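Chain letters run A, B, ... following the sequence lines, proteins first and then strands; every chain starts at 1. Note that the structure is a prediction, hence the values are computed from the model and not measured.
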Protein chains: 4
Amino acid sequence: MTTRHTDDLPDPGHRIAASFAKQGLMATLGAELGDVSPGAVEIVLRPRAAVSQQHGFVHAGALSAIADTAAGYAALSVMPADSGVLTTEFKINLLAPATGELIRARGRVVKAGRTLIFAQTDILAESEGRERLVAYLTATLMVIAGRDGISD
Amino acid sequence: MTTRHTDDLPDPGHRIAASFAKQGLMATLGAELGDVSPGAVEIVLRPRAAVSQQHGFVHAGALSAIADTAAGYAALSVMPADSGVLTTEFKINLLAPATGELIRARGRVVKAGRTLIFAQTDILAESEGRERLVAYLTATLMVIAGRDGISD
Amino acid sequence: MTTRHTDDLPDPGHRIAASFAKQGLMATLGAELGDVSPGAVEIVLRPRAAVSQQHGFVHAGALSAIADTAAGYAALSVMPADSGVLTTEFKINLLAPATGELIRARGRVVKAGRTLIFAQTDILAESEGRERLVAYLTATLMVIAGRDGISD
Amino acid sequence: MTTRHTDDLPDPGHRIAASFAKQGLMATLGAELGDVSPGAVEIVLRPRAAVSQQHGFVHAGALSAIADTAAGYAALSVMPADSGVLTTEFKINLLAPATGELIRARGRVVKAGRTLIFAQTDILAESEGRERLVAYLTATLMVIAGRDGISD
């Protein structure tokens, strides 16, 4: 008799929080891990001079960093425990200047294959209780399997 | 008689150095401005824990930040003095883990239109005197004209 | 008193059907215009040898053609009557082999600016009453205003 | 003694010509295979109403079709004989209206990995003996190995 254990996949919350803590760039930017559920991960960032471009908006590179991380961990959250994740490509469209009190990058898996996972991240700026879509990212993530010591 | 003044365009070196100094993110990442010439700009970054992802490689977001900046300033270097630059979109392909002693992002203008400029950035990792291509970015930059106080 | 006339914008159905009929490529591919509403346009294509790649699947180029057209007309459907539309860039991710009885490209406007419009198209394959997502396109469309004779 | 046989790889010319002939879409568009060498493939297309968009330019979808095919076959030309090629994603930037006597899509491999190959295609319009760059494509191609009967 075979039984499918729903815990074949590790708890995405612990796995992703542990991996997030290893990302030096996230600490450098002051980004924080938000909600995590299977197939969906949120990263938040507070706009300030330390992450700005020349006009004072949040830099496209900082938006990309949190949006790519959100997409990557959304993908990792649906991978087996002995797999790691690498980004192979992403495109980001900048739709409006990123300003406000908080930036939220909400990544979600759109299609999971065995080797490649396709994910999409909405980047939202929160200001006076209102959310605006300021950027949109699509990414291809690769499943890294069978590499000693790589499980994130 | 008509005379073409080569100084119709501001000196790209001064303009871009002044703008680069206003980008809080570049200081936060420890990125530095390299060679600047009309239509081509280089940004360099030293790999270290502060810009890493979970496996210790340079984070795709940090690569994107310097490659987007190199593309944007390459575009700005061919724009009139009263114009500013905004990125509308970019795609980055990650070709190999970014490790080594130094990362160089070399941006260049491929095609300059009146409203949109298309640029491409090679991201190279230098290690023991050897350069490897680790990522490739293409970007669309927008010319921002007639906005008070925006000239970068 | 001000009155917003909903007919400030031309009827998207007529405008888009007339423009679609001028696209030689759509006739060559055998593509047809589906549902049209403000901000959303569908194009359909029947898989067959004439639009195949070497393994018999629908060619990525044929998928791109209908998905770009769906995105472009979704954008046109929210533009003033004297404007035309041009694609400035798109990315397509191929998620599964495109086979089946019918391919539907469903484009929708995500964010409309004055000069640039960002749109997204789902490409779905219909087979035995089931729909699968086989590709995903994001596009930037440009509003072309003030060019004599261009209104599509 | 070990001998490296240069014929470990099949003659790219025959392999690609045979595969190109199986692509129904290329015949439908009237596209033709041009120069083929290891890592580089050219496809040509004659602008005419049958491949046009609504303003009479060559449709972005037709440009994408030949540029993706050029990138894909450039990748196939450096793959082992028992492998096939699939596109996983591409981005195309449209830089100028595609008009003229002939369109040439020149694809080349930028970086070849074991599973993924990154390629770039210039799309040039030839008119009165002059060539202009009208579009620029970057693509990720996947190596399909060990599938019975797939060698292109």
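The minimum heavy-atom distance linking B/Leu25 with A/Ala62 is given by the pair CD2-N, 3.7 Å.
Within the 4.5 angstrom heavy-atom criterion, only side-chain atoms of B/Leu29, from C-beta onward, approach chain A. Residue B/Asn93 touches chain A through both its backbone and its side chain, counting heavy-atom pairs closer than 4.5 Å. Within the 4.5 angstrom heavy-atom criterion, only side-chain atoms of B/Leu86, from C-beta onward, approach chain A. With a threshold of 4.5 angstrom between heavy atoms, A/Val58 does not approach chain B through any atom at all. Within the 4.5 angstrom heavy-atom criterion, no atom of A/Ala27 approaches chain B. Using a 4.5 Å cut-off between heavy atoms, A/Asp152 contacts chain B through both its backbone and its side chain.
B/Gln54 contributes atom CD, which lies 8.0 Å from atom CD1 of A/Ile150 (distance to the nearest 0.5 angstrom). We find the NE2-CD distance between A/His59 and B/Gln23 to be 3.5 Å, quoted to the nearest 0.5 Å. Distance check, rounded to the nearest 0.5 Å: CD of B/Gln53 to OG1 of A/Thr87 gives 8.0 Å.
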Could you check B/Thr28 against A/Thr28 for side chain to side chain contact (heavy atoms under 4.5 Å, CB included), going step by step and ending with a plain yes or no? CA-CA 7 Å; B/Thr28 298; A/Thr28 298; 3.7 Å; yes

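Chosen from A/Ala60, A/Gly24, A/Ala18, the residue pairing most often with chain B at heavy-atom distances under 4.5 Å is A/Gly24.
Counted within 6.0 Å of CZ on B/Arg48, heavy atoms from surrounding residues, nucleotides or ligands total more than 12; the atom is thus considered enclosed.
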